[in-house]
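Here is the structure we will look at.
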Amino acid sequence: MSVTELKERHLAATETVNNLRERLKQRRRSLLDTDIAGYAASQGRTPVTFGPTDLVCCRTLQGHTGKVYSLDWTSEKNRIVSASQDGRLIVWNALTSQKTHAIKLPCAWVMTCAFSPTGQSVACGGLDSVCSIFNLNSPTDRDGNLAVSRMLSGHKGYVSSCQYVPDEDTHLITGSGDQTCVLWDITTGLRTSVFGGEFQSGHTADVLSISINGSNSRMFVSGSCDATARLWDTRVASRAVRTFHGHEGDVNSVKFFPDGNRFGTGSDDGTCRLFDIRTGHQLQVYHQQHGDNEAAHVTSIAFSISGRLLIAGYTNGACYVWDTLLAKVVLDLGSLQNTHEGRISCLGLSADGSALCTGSWDTNLKIWAFGGYRRVM
Amino acid sequence: MATPTLRSSSVPSLPPPSPKSPPEYPDLYGKRREAARVHMLEREITFLEEELKSVEGLQPASRCCEEIADYVMANSDPLLPSTKKNRRSCRFWKWLCGMPCFNLSWICCCCCCCEGLSLQLKLPRCCCDCKPCSCSCSCLPSINCSLPKWRCCCSCPKSQCCKESCGLGNCCTFPSSCNFGCPTCPSCPSCCSCKCTCTCSCPSCPKVSSCCCCTKSCWRPCCLCC
């Protein structure tokens, strides 16, 4: 077949794809008979209400000298690892605010960090395109630095996100600026599977965030600069299980809903959205109108343990607590006393859901917990 | 305008520059690249057709919304102000109290000392083993709590956890003559007419007058800064 013929086929195929996408979109729209807020309102649900001292900052973790970019809790709840522009990972005891490890990184341009399920290792990645693993029990060298115990090399772009597979200290998934996600075998340091890529059905721009399903660790979701989120099955790397459209900007953050059947997204378009993984429906858009025309970008999101609250950090310093059912902002952590003085860049909930940690460009991390009077219903 | 004339008179005219592109190399891989792109699109068409078929049998969004609402309402949440359980959620308090007192900062003081005060934080039963006031960290009026609204927390509460472990010198600032009005109903919230005859002061609490002990009626027995 000549190049000219191939080009003609290419044009025809592109048109068919666009037609099919449009039909799919219309069909989906016909199934969207309501959203969560509409449904909850029809059921007579009322929004959560917070008093001014209900959710309070009870710890400020000070120690980084640069912007905090990423944080992760251990599964046993009281330790946190944070990654900063200062080129260090710090492991904190969240109860005492004490630092247990300060790890100077070989490459200072770190973007992401994660605790292993057992809490014995931490992983980080960044502009060096490598995911580095540190064993916290390893002896330190003469200068007090912890050596890298494993380097996972293979990405052709920066490592934007990483997360250990739940209950497995030996497997980890990374998302990268090379448009792919990779499942790694940490024991061998080799790639087990690559999700997406040049000639695969995957993201067509940088992957910014990943989240592994806590209920089924074979499934994970990725968010990308191509304005989509994709659901992947680790057993089938060749194509995404489903692609979720709707956002009009980079998808900066993805996080599974606690029930494992939905996930949330946060985007440069200023919205958070909730998608259903089984049906592909976009169930809700969480959007707050601001005074100015330019919407603040969503940098990071997390769900409370029941799923009732969606906490989202924004580039303008706001940190909204959304009522997921009513789609209303019920609190802005960014406006409370003792809050951060800069953008909240990352956030996460402790394993038992009783504390929220936020990391900020003001170099600090803060821990928030419920401190009010609890009403018994 | 004059310069070109001068230049043309002094410098022999040169032919205008005519940059040339390098000779075009044959795109040896162009055909394969194009074929790969077509192949990708054809695969995409197959996927989309499959998805279109699968969408036919999908449930409407309202079913998903119902599932979410049911899930959310069925699960308790330690970050929420209300709980469906009959027992109060104590995780936060345990989280704060289940550790050595010297590691706690002001919030240890506040969580244990504000009972009965203006903030009306109520210490759950589960926290009463923590004995945070047995250390010297808390409850002295000179300690300022970090949250301005909580500044007046530092007086001796009647909470059970302090009763056993705290001497007056440790966490209370009341003169020995301080007479709490309702000795017979230490935990009776209905003791609204509780009067206190003491004249203790709360110097760290700007909102409280020099006699902070029940100059007004208070709903809690022996409320100090009401």
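Everything numeric here is computed off the predicted structure, so don't read it as measured data.
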Is there side-chain contact between [X] and [Y], with at least one heavy-atom pair below 4.5 Å?
X     : Y      : result
B:D77 : A:F370 : no
B:C64 : A:R262 : yes
A:F50 : B:P81  : yes
B:E67 : A:R278 : yes

Is [X] in contact with chain B via its backbone, its side chain, both, or neither, using a 4.5 Å heavy-atom distance?
X      : answer
A:R242 : side chain
A:L55  : side chain
A:T14  : both
A:V17  : both
A:L11  : neither
A:L325 : side chain
A:D259 : both
A:N19  : neither

Worksheet item: Passes side-chain contact (heavy atoms from CB on, under 4.5 Å), B:M73 versus A:R45? Steps please.
Response: CA-CA 10 Å; B:M73 300 310 287; A:R45 308 268 187 223; 3.7 Å; yes
Discussion item. One pair to check against salt bridge (charged side-chain N to carboxylate O under 4.0 Å, His left out): A:R21 and B:E49. What are the steps and the verdict?
Written reply: CA-CA 9 Å; A:R21 281 190 179 148; B:E49 282 171 344; over 6 Å; no
Fill in: Nearest atoms (heavy-atom pairs only) where B:A69 meets A:Y39
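In terms of heavy atoms, the two residues are closest at CB-CE2, 3.9 Å.
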Worksheet item: For A:I305 and B:Y71, which heavy atoms make the closest approach, and how far apart are they?
Response: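 Shortest heavy-atom contact: O-OH, 4.4 Å.
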Discussion item. If the test is side chain to side chain contact (heavy atoms under 4.5 Å, CB included), which one of A:D33, A:T34, A:T279, A:L32 qualifies with B:P60?
Written reply: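 For B:P60, the side chain to side chain contact (heavy atoms under 4.5 Å, CB included) test succeeds with only one of A:D33, A:T34, A:T279, A:L32, which is A:D33.
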Discussion item. Does this structure show an ion pair linking A:R27 with B:E56, if we count only N-O contacts that are shorter than 4.0 Å?
Written reply: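 A salt bridge links A:R27 with B:E56.
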Practice prompt. Begin with the C-alpha distance, continue with both residues' side-chain angles, and end with the deciding distance and a verdict on side-chain contact (heavy atoms from CB on, under 4.5 Å) for B:L79 and A:W368.
Written response: CA-CA 9 Å; B:L79 287 185; A:W368 307 78; over 6 Å; no
Item to complete: Would you mind telling me which of B:R63, B:Q59, B:E51 has the largest number of heavy-atom pairs within less than 4.5 Å of chain A?
Response: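 Among B:R63, B:Q59, B:E51, the one with the most close pairs to chain A is B:E51.
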Practice prompt. Starting from the C-alpha separation in whole Å, work towards a yes-or-no answer on side-chain contact (heavy atoms from CB on, under 4.5 Å) for B:F47 and A:L20.
Written response: CA-CA 10 Å; B:F47 296 155; A:L20 283 168; over 6 Å; no
Worksheet entry | Heavy atoms of other groups near A:E22 CD, more than 12 under 6.0 Å |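 Enclosed: over 12 neighbouring heavy atoms sit under 6.0 Å from CD of A:E22.
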Worksheet item: Yes or no on side chain to side chain donor-acceptor pair (under 3.5 Å) for A:S306 and B:N75, after CA distance, side-chain angles and deciding distance?
Response: CA-CA 5 Å; A:S306 73; B:N75 288 281; over 6 Å; no
